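Here is the structure we will look at.
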Amino acid sequence: MTARVLHLSDLHMGHGEAWEPLAALGELIADLQPELLVATGDMAHRGRRTELETAATLLRGLGLPFLAVPGNHDIPFTLPARFTRTFTEWEHVFGTTEPLHAADGLVVVGLNSVRPWRQQGGALADERLAHGMARLQEGPPDALRMVALHHHLAAPPWRAARKRPLSHRNDVLRALVAAGAELVVGGHVHQGGVAERREFKVLEEGPRRALVLATAPGLGRPRPQRRDEARGLNVYEADAESLTVRTYAWDGQALLEVGRRTFART
Ligand SMILES: [Fe+2]
Ligand SMILES: [Fe+2]
């Protein structure tokens with residue numbers, strides 16, 4: 001059993017720049033043949049339907065099943081729509097804010113961490129977390145169990161700015177682990193980052209398999225002045241013994257592998 005997932009984030013469609021890495025993305029997909037594409041939010045830049053549709057068209061054009069969760073840029077910026085039609089456009093284009101992929105070797109649960117009264121911070125309502133935990137238990141025991149949400153749990157390696165980690169992240173992480181999660185992926189910080197829980201926490205419950213937190217570099221670039229902000233994506237690969245995270249960065253022509261970490265699953 002091998003599961004392979006391509007994770008991209010933060011396309012920020014609609015900010016005006018041509019979407020340059022598309023050909024390179026197609027080449028990487030042809031090369032790696034992932035079974036699923038996971039998109040962790042900020043597909044649009046100002047939450048407009050046309051932007052969301054542009055992103056959805058791009059994702060569909062890649063020819064893979066995909067799962068997308070919303071980011072803080074995917075809801076209306078203006079009042080009252082921000083509160084009265086928070087996810088209306090997203091649901092019209094993508095169907096749901098909490099997608100699920102359940103296959104033999106891979107279960108991916110999408111969670112919606114966007115709240116209209118927050119701009120940068122994210123949170124999960126208790127009942128939505130409980131719903132996600134129940135869904136994580138679908139699929140066979142040896143399936144890779146993955147959670148996808150926009151907001152990061154681990155701090156970014158470089159710029160931090162106003163982007164605080166997900167609210168109540170300790171409680172959320174504990175709950176997701178108890179439900180069987182092995183891999184929690186997000187975006188929002190526009191920086192690649194990979195951490196295993198035992199690298200920063202002593203576990204009361206003793207040894208258990210790895211819990212990996214990963215953020216993908218942004219694949220879009222919403223702020224032209226940030227010319228040094230890397231664009232890229234992650235690829236996750238799991239077999240019975242190990243889970244590997246590979247990070248790719250776009251060099252202006254191709255998506256090049258710039259890092260790889262492997263964790264034991266057993
Ligand atoms: Fe973003
Ligand atoms: Fe974001």
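Whatever order the structure lists ligands and atoms in, that order sets their numbers, starting from 1. As the structure is a computational prediction, the values presented were derived from the model and not from experiment. Start at 1 with the first residue, then count along the sequence.
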Whether the side chain of H152 engages the backbone of K163 through a donor-acceptor N/O pair (distance < 3.5 Å, no angle test) should be reported.
yes
When you measure from the Fe ion (ligand 2) to the N, O or S atoms of N72, does any of those distances fall below 2.8 Å?
yes
Nearest atoms (heavy-atom pairs only) where R115 meets A125:
NH2-N, 3.4 Å
The Fe ion (ligand 1) to H188: any N/O/S contact under 2.8 Å?
no
Ring centroids only, cut at 6.0 angstrom: are H150 and H73 within range, meaning strictly under it?
no
Which N, O or S atom of D10 lies nearest to the Fe ion (ligand 1), by name
OD2
Quick one: does R48's side chain have a donor or acceptor within less than 3.5 Å of a partner on D74's backbone?
no
Name of the residue among D42, N234, T215, T40 meeting side-chain hydrogen bond (donor to acceptor under 3.5 Å, both in side chains) with S9:
T40
Does H73 bring an N, O or S atom to within less than 2.8 Å of the Fe ion (ligand 1)?
no
D42: which N/O/S atom is nearest the Fe ion (ligand 1)?
OD2
Rounded to the nearest 10 degrees, what's the angle NE2 of H12 makes with NE2 of H190 at the Fe ion (ligand 1)? Could you check?
90°
